[in-house]
Structures are given as C-alpha cells and as structure tokens.
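As structure tokens, the structure follows; a few thoughts come after it.
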Number of protein chains: 2
Amino acid sequence: MRLTNKGKYGINALLVLASSQEDGPLTLKTIAGKAGIPEHYLEQIMGRLRQCGLVASTRGVQGGYRLARESEKIFIGEIVEAAEDSVQPVKCAAHQCERSDSCLNHDLWSRVTESMLKTLNGMSLAALCRDAFDHPCRGGDCSYPAWENIESGGV
Amino acid sequence: MRLTNKGKYGINALLVLASSQEDGPLTLKTIAGKAGIPEHYLEQIMGRLRQCGLVASTRGVQGGYRLARESEKIFIGEIVEAAEDSVQPVKCAAHQCERSDSCLNHDLWSRVTESMLKTLNGMSLAALCRDAFDHPCRGGDCSYPAWENIESGGV
DNA sequence: CTAATCCCGACTATTTTTGTAGGCAATTGA
DNA sequence: TCAATTGCCTACAAAAATAGTCGGGATTAG
C-alpha cells in the first residue's frame, strides 16, 4: 500500500515542467537532471503520462515535453494513476462476483479507492508547485524534488 | 498501492475466527484449511495480529487462536494495519522536513492515509462476516475466503 | 512423559519494481 | 538530402519486496 518511485517521479517531473511552462518544451535530459531521476527510467514514465494526456511531446531538435494543460487543471491523483498502474488497493474481478453490486467487501475497497482519489484530486499540480517553491523539502520519502536545482518560473 | 496477501489473509483468517467464536480456539491448521492459506505463512501473520492485540492464543493441546475482542469491535483498518506493515502510501521523514507541518505534500499524503483508514475502520469484522455468509464471493482478488469450507457459526 | 500446538528465526522462491541498453522514428536546419 | 537532436519502443538485468518453506524450541493438557 505504498507509492512507488514511478508515482513520485511522475509528480516530480511534472513539478519541474510546471515550474517552467513558458520556456518551451523541456528535454527528458533536462527534466531528469533537475528532478534527479535516471533519464531512461523517466522516459518510461513520461510515456505513461503522455498516453494519459497529461503531457505532450515533440520530437526532433528543440523538441521535448510540456504540460498538456495548465497546471491548475492537472490533479495529483491523475498523475499517480497514470504513473502507477493504478491506485486501487484491490482489483476485485467484479465479473466473477455473482452480486458484486451488493458485496460489502467489494464495496468497501471501492470506497477506499474513491476516497484516496478524492483526496489526491483535491490538489492541483499548480498548488503543489507553488508550495514546493516555498518549501525545498528533500528529506526522506517526500516526493518533492531537490528544488535547489530548479529555477523559478511561471506556475 | 495495493493490498498484499498479508492483508487479505489477515482479513480472511479473522473472518474464519469470527464465524466460529463459540467453539473454543481454532488451531492454525483449521484456520489455514478453511481460508485456504499456507499454514506456515499464516503463522507469521497471526503473530502480527497477536502483537497488535487482535487475537489471543493459547499453546499446547487444545490451544489455538480466538478473537481478542468481539468481532463488532474489530475494524478492517486495524487488521490491515496489523498484517501489512502500514497503510501509509508515503512515509515522509517528517523530522527531515524543515516545516513538515506546513508542507502541502506532506499534508496531502497524511490526508490520504487518514481517509483510507477512516473508510476501512468504518466497517467492523462482524459486518463483513455477516455479508460474507450471504455472499460466497470467491473470484478474482476479493479477499473473501472460500466460504463453502466454513461452517456457519456465531457472528 | 508425550502429543498437540503455538513461537521464532533463518532460509528460498517468486514477483514486482527499478534501472539500463540500444536501435528506430521524427523533426529541424544547414 | 544529410546529420544532429530528441522522443519512442522493446528487451534485458539488477535489486528489492513479497510470498512461502523448514526445522527446532517452548508450553500445556492429559
């Protein structure tokens, strides 16, 4: 029941993007460098984020990634769901339950998933980004990147 | 962000216990058999549940496990927390955050943990047990045991 | 004393997560 | 058109976490 690096890296990468929206697309290398993420690993994660419509990319010279929407309209739950395979603690094979619509257990875990997502989607990338600039937290398991490497930019 | 077998097994084992409270303690073997859990693995899990005060055990001939409290007063979140190491998706090293009390990220994940626990602790073992008897769900990843092996008993 | 039973620690196997490598595809600009 | 840059994709390898096994010790009823 823990957030893996994929999720943390996803959030951190998007924080980097959110903090420099105006400078045109950022390359994988730049993002990885600023957030302290292994470049090729981040690549895989960016692929997921792209497929989920959170970032857009352009290839070739001067290409890179940018947010697909304003950071005000991207929510943390979306990022986590995109980067991790899912947020659901239990994947109940609903079709195998004869009456999953009235199964308390099924119901319980659905509610758990919902409540997690509701909390996570209650915060926008923009809000987290603003706070991150005030608060260069880098100890422990916090998912804030090493903000000293990130220049301040638009939010 | 998923519930592991430890958690599922913990719940299922306690469901078995809850369903036969009056028959005296049940042996590991019995519980494992009824819930379809490898005996020695369950032993480890029961150890955790015991240390967290959810079950009590007696050794020797005619020993076994029983619930430490009525099943009405045992909640699913407690079981999951005891069986898994924790429910927290992120273990932020709060002491390393210079101002973790006003760190949005820290805050966000605390709220996630809280909301999960609130949901999980909103259901008692007794309630789940009653439903489980009505609903022998056994497909997929549902954490209900194979109820056909469990004789009906008190709840 | 002996059999049943829980307790405990060490070990192994399996799965998941994390990370690496390398080649292909697209774009830009000379 | 060609070369450099950059994202895209698949396969592989390493590390960590989870799942499960084993064997011996401690406790208790009869």
Side-chain angles (χ1 to χ4, degrees), chain A residues 1-10 12-13 17 23-33 35-68 80 83-91 141 143, chain B residues 1-13 17 23-33 35-52 54-68 80 83-91 141 143:
Chain A
M1 208 91 77
R2 68 181 218 291
L3 185 70
T4 69
N5 280 0
K6 280 207 192 85
K8 291 179 211 167
Y9 288 171
N12 288 350
L17 282 179
D23 315 335
L26 299 186
T27 67
L28 205 47
K29 194 172 175 179
T30 304
I31 303 170
I37 302 171
E39 190 174 333
H40 280 77
Y41 194 32
L42 179 58
E43 190 172 22
Q44 294 175 32
I45 296 165
M46 293 308 280
R48 291 162 172 259
L49 300 180
R50 184 176 44 84
Q51 289 182 327
C52 293
L54 296 175
V55 299
S57 58
T58 41
R59 300 213 244 187
V61 178
Q62 304 214 327
Y65 294 91
R66 63 209 140 72
L67 297 181
V80 175
E84 310 264 341
D85 282 327
S86 166
V87 152
Q88 279 185 99
V90 168
K91 281 181 205 115
D141 239 347
S143 64
Chain B
M1 208 92 76
R2 67 183 221 289
L3 185 70
T4 68
N5 279 1
K6 282 207 191 82
K8 291 180 211 167
Y9 288 171
I11 295 172
N12 288 351
L17 281 179
D23 315 337
L26 299 186
T27 67
L28 206 49
K29 193 172 177 180
T30 305
I31 302 169
I37 302 171
E39 191 174 331
H40 279 77
Y41 194 33
L42 179 58
E43 192 172 20
Q44 295 176 30
I45 297 164
M46 294 308 279
R48 290 161 173 259
L49 300 180
R50 184 174 45 83
Q51 289 183 326
C52 292
L54 296 175
V55 300
S57 58
T58 40
R59 302 213 245 187
V61 179
Q62 305 217 326
Y65 295 90
R66 64 212 139 71
L67 297 180
V80 175
E84 311 264 341
D85 282 328
S86 166
V87 153
Q88 279 185 99
V90 168
K91 281 180 206 117
D141 240 347
S143 65

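Nothing here was measured: the structure is a model prediction, and the numbers come from that model. Letters go in sequence order (proteins before strands), and every chain restarts at 1.
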Quickly work out the [X] [atom1] to [N] [atom2] distance and round it to whole Å.
X      : N       : atom1 : atom2 : value
E39(B) : dA4(C)  : CD    : C1'   : 12 Å
H40(A) : dA14(D) : NE2   : C1'   : 16 Å
L26(B) : dC6(C)  : CG    : C1'   : 14 Å
M46(A) : dC8(D)  : CE    : C1'   : 13 Å
E84(A) : dT16(C) : CD    : P     : 14 Å
R2(A)  : dA16(D) : CZ    : P     : 12 Å
L49(B) : dC8(C)  : CG    : P     : 14 Å
M1(A)  : dA17(D) : CE    : C1'   : 15 Å

*asked:* Categorize G47(B) for me: base, sugar-phosphate, or nothing, with a 4.0 angstrom heavy-atom threshold over every strand shown.
replied: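 The residue G47(B) makes no contact with any strand.
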
*Using a heavy-atom cut-off of under 4.0 Å over every strand shown, decide if K6(B) touches base, sugar-phosphate, or nothing.*
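It contacts sugar-phosphate atoms only.
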
*How far apart are the C-alpha atoms of I31(A) and I37(A), what are their side-chain angles, what is the distance that settles it, and do they pass the side-chain contact (heavy atoms from CB on, under 4.5 Å) test?*
CA-CA 8 Å; I31(A) 303 170; I37(A) 302 171; 5.7 Å; no

Distance below 4.0 Å between [X] side-chain N/O and [N] OP1 or OP2:
X      : N       : result
Y41(A) : dT17(C) : no
R50(A) : dC9(D)  : yes
S57(A) : dT6(D)  : no

What's the closest nucleotide to the [X] side chain, out of [options]?
X      : options                   : result
N5(A)  : dG19(C), dA17(D), dG20(D) : dG19(C)
V61(A) : dG20(D), dG19(C), dA4(D)  : dA4(D)
R59(A) : dT20(C), dC6(C), dT27(C)  : dT27(C)

*D85(B) versus R48(B): any side-chain heavy-atom pair under 4.5 Å?*
yes

*Is the shortest heavy-atom distance from the side chain of T58(A) to the side chain of R66(A) under 4.5 Å?*
yes

*Between atom OH of Y65(A) and atom CG of L49(A), what is the distance when rounded to the nearest 0.5 Å?*
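It comes to 9.0 Å.
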
*asked:* Test your reading of the model: is there a side-chain donor-acceptor pair from E84(B) to the backbone of G7(B), 3.5 Å cut-off?
replied: yes

*Could you check Q44(B) against T27(B) and say which one's nearest nucleotide on DNA chain C is further toward the 5' end?*
T27(B)

_Comparing G7(A) and T58(A) on DNA chain C - which has the more 5′ nearest nucleotide_ = G7(A)

_For Q62(B) and D85(B), find the nucleotide of DNA chain D closest to each by heavy atoms; which residue's nucleotide sits nearer the 5' end?_
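Checking each residue's closest nucleotide, the 5'-ward one belongs to D85(B).
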
*Using only heavy-atom distances, decide whether a donor-acceptor pair under 3.5 angstrom links the side-chain of E43(B) to the base of dC8(C).*
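A donor-acceptor contact between them is present.
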
